[in-house]
Amino acid sequence: MPDAASAPTLAEAAAALESAVARLEDVAEALAHRAEEQAANPPDAAAAATMAEAAERLDAVIARLAAVLEQE
């Protein structure tokens with residue numbers, strides 16, 4: 001276990017979390033876009049619905065993480 005001196009500061013942890021949120025936003029956007037593309041193709045409609053649902057859940061996670069960042 002790292003000692004306190006080598007542990008990240010709160011500012012460093014917040015910056016890392018902000019970076020992770022930005023990457024998650026990119027993933028959610030790409031996932032939603034891909035779901036829209038697949039929804040137009042009937043054989044892929046079930047996969048598109050699953051991806052759209054996953055994008056919505058990811059958006060909810062992003063919103064919760066953003067709320068935590070705003071509290072800091």
Side-chain angles (χ1 to χ4, degrees):
M1 189 159 155
D3 63 16
S6 66
T9 65
L10 184 56
E12 291 169 334
L17 185 55
E18 287 176 1
S19 177
V21 167
R23 288 192 309 272
L24 287 173
E25 288 171 336
D26 291 343
V27 169
E29 184 178 326
L31 191 56
H33 179 72
R34 183 72 172 132
E36 287 177 14
E37 289 177 347
Q38 285 194 333
N41 187 7
D44 295 333
T50 300
M51 283 194 284
E53 182 181 327
E56 289 175 12
R57 289 194 319 262
L58 188 52
D59 282 339
V61 169
I62 291 166
R64 288 193 303 266
L65 290 172
V68 168
L69 285 172
E70 288 177 11
Q71 292 176 357
E72 294 303 316

A.B. asks: Is atom CD of E37 surrounded by more than 12 heavy atoms (other residues, nucleotides or ligands) closer than 6.0 Å?
C.D. replies: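 Enclosed.
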A.B. asks: On a heavy-atom basis, which atom in E18 and which in L69 lie closest, and how many Å separate them?
C.D. replies: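 Minimum heavy-atom separation between E18 and L69: CG-CD1, 3.4 Å.
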A.B. asks: Answer with yes or no whether the hydrophobic clustering places V21 together with V27; edges join I, L, V, M, F, W, Y residues whose side-chain heavy atoms lie under 4.5 Å apart.
C.D. replies: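 Yes; tracing contacts between hydrophobic side chains, which count when under 4.5 Å, links both residues.
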A.B. asks: Are L31 and L24 joined in one hydrophobic group, where the rule is that I, L, V, M, F, W and Y side chains link up if heavy atoms are under 4.5 Å apart?
C.D. replies: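 As far as the 4.5 Å side-chain criterion goes, L24 and L31 are not connected within one cluster.
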A.B. asks: Compare all side-chain heavy atoms of E53 with those of T50 and state whether any distance is below 4.5 angstrom.
C.D. replies: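 No; the side chains remain at least 4.5 Å from each other.
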A.B. asks: Tell me the closest heavy-atom pair linking A55 and A28, and the distance in Å.
C.D. replies: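 That would be CB-O, 4.0 Å.
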A.B. asks: Would you say the side-chain atoms of E36 pair up with the backbone N or O of H33, donor to acceptor, closer than 3.5 Å?
C.D. replies: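 Checked: no pair found.
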A.B. asks: Enter the distance from E12:CD to L17:CG here, rounded to the nearest 0.5 Å.
C.D. replies: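 Spacing of CD (E12) from CG (L17) equals 13.5 Å.
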A.B. asks: Shortest non-hydrogen contact from A52 to A35?
C.D. replies: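 Nearest heavy atoms, A52 then A35: N-CB, 3.7 Å.
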A.B. asks: Answer yes if L65 and L58 sit in the same cluster of Ile, Leu, Val, Met, Phe, Trp and Tyr residues linked by side chain heavy atoms under 4.5 Å apart, and no otherwise.
C.D. replies: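 Same cluster.
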